[in-house]
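All heavy atoms count here, side chains included; hydrogens, waters and symmetry mates do not. We're numbering straight along the sequence, starting at 1.
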Amino acid sequence: QVRLVESGGGSVQAGGSLRLSCRASGYTIRSADMGWFRQAPGKGREGIAGIDSDGSTRYANSVTGRFTISRDNAKNSLYLQMNNLKPEDTAMYYCAAQGPYGETWWQGLRFGYWGQGTQVTVSS
């Protein structure tokens, strides 16, 4: 069974930093598109960062320069370093991985597997 488990969320003050992790099991991320999405209260799911199998990255304009996505294939894990956090970053953050059917497309990447999410709350 494919599982993506996020960790690292929490509550921080504006300007602070958090590092999110996503560990995959029952799935090898080495050749897969990977990404991070978020959903704020009352809003739809928003793609914020993606990385393909070659390491090429993409970012939403709202997080460019503040967030960095990376992958460690040896650890079968994905990361999101979030710096200079803002209150508008408050959301549930989800790890996503390429699946066999590609239910969601973002920035040319395809995602079909999802984690359960980790909450990030940024206070002003």
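A donor-acceptor pair under 3.5 Å is absent between the side-chain atoms of Asp33 and the main chain of Gly50, judged by distance alone. Counting only distance, with no hydrogens or angles, the side chain of Glu6 and the backbone of Cys95 share a donor-acceptor pair below 3.5 Å. Using a distance-only test at 3.5 Å, with no hydrogens or angles considered, no donor-acceptor pair links the side chain of Gln98 to the main chain of Leu109. Proximity of a side-chain donor or acceptor of Thr90 to a complementary backbone N or O of Val122 within less than 3.5 Å is detected.
Considering only heavy atoms from C-beta on, Leu4 stays 4.5 Å or farther from Leu78 through its side chain. Contact of the Trp106 side chain with the Ile48 side chain is not registered, since no non-hydrogen atoms from C-beta on lie closer than 4.5 Å. Using a 4.5 Å heavy-atom threshold, the side chains of Met82 and Tyr93 count as touching. Taking the side chain as every heavy atom from C-beta outward, Tyr79 and Thr68 never approach each other to under 4.5 Å.
Cluster annotation: Met34 and Phe67 are assigned to the same hydrophobic cluster (Ile/Leu/Val/Met/Phe/Trp/Tyr, side-chain heavy-atom contacts under 4.5 Å, transitive). Met92 and Ile69 fall into different hydrophobic clusters, defined by Ile, Leu, Val, Met, Phe, Trp and Tyr side-chain heavy atoms under 4.5 Å apart, directly or through other members.
Here the shortest heavy-atom pairing between Arg110 and Gly99 reads NH2-O, 3.1 Å. Shortest non-hydrogen contact noted between Thr28 and Ala32 is O-CB, 4.5 Å.
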Run Arg38 and Leu80 through side chain to side chain contact (heavy atoms under 4.5 Å, CB included) and show every step you take. CA-CA 12 Å; Arg38 68 186 182 188; Leu80 184 68; over 6 Å; no
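Pairs of residues two or more places apart, or lying in two chains, never qualify as salt bridge (Lys or Arg N to Asp or Glu O under 4.0 Å) while including a residue from residues 115-124. Residue pairs that meet the salt bridge (Lys or Arg N to Asp or Glu O under 4.0 Å) test with at least one member in residues 47-63, sequence neighbours left out, are Asp52-Arg58. Applying the disulfide (SG to SG under 2.5 Å) rule to pairs touching residues 28-87 yields nothing, sequence neighbours excluded. For residues 46-75, the set of pairs meeting the disulfide (SG to SG under 2.5 Å) definition, not counting sequence neighbours, is empty. Listed by first and then second residue, the salt bridge (Lys or Arg N to Asp or Glu O under 4.0 Å) pairs involving residues 59-69 are Arg66-Asp89 (not counting sequence neighbours).
Within 6.0 Å of atom CD in Gln116, 12 or fewer heavy atoms from other residues, nucleotides or ligands are found, so the atom counts as exposed in its surroundings.
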Show which side-chain atoms of residues 14-26 pair as donor or acceptor with protein atoms under 3.5 Å away, not counting sequence neighbours.
residue: Ser17; atom: OG; partner: Asn83; partner atom: OD1; Å: 2.9

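In this structure Val2 satisfies the side chain to side chain contact (heavy atoms under 4.5 Å, CB included) test together with Tyr27, Tyr113, sequence neighbours excluded. For Arg45, the salt bridge (Lys or Arg N to Asp or Glu O under 4.0 Å) criterion is met by no residue, not counting sequence neighbours. Contacts of Ser123 classified as side chain to side chain contact (heavy atoms under 4.5 Å, CB included), with partners at least two apart in sequence or in another chain: Gln13. For Ser11, the side chain to side chain contact (heavy atoms under 4.5 Å, CB included) criterion is met by Thr121, not counting sequence neighbours. Partners of Arg71 by salt bridge (Lys or Arg N to Asp or Glu O under 4.0 Å), not counting sequence neighbours: none found. Take Glu88 and apply the salt bridge (Lys or Arg N to Asp or Glu O under 4.0 Å) test, not counting sequence neighbours, and it matches no residue.
Rounding to the nearest 0.5 Å gives a distance of 10.5 Å between CD1 of Ile29 and OG of Ser53. Atom CG in Asn73 sits 8.0 Å away from atom OG in Ser31 (nearest 0.5 Å).
Proximity of the aromatic rings of Trp114 and Phe37 is defined here by a centroid distance below 6.0 angstrom, and this criterion is met.
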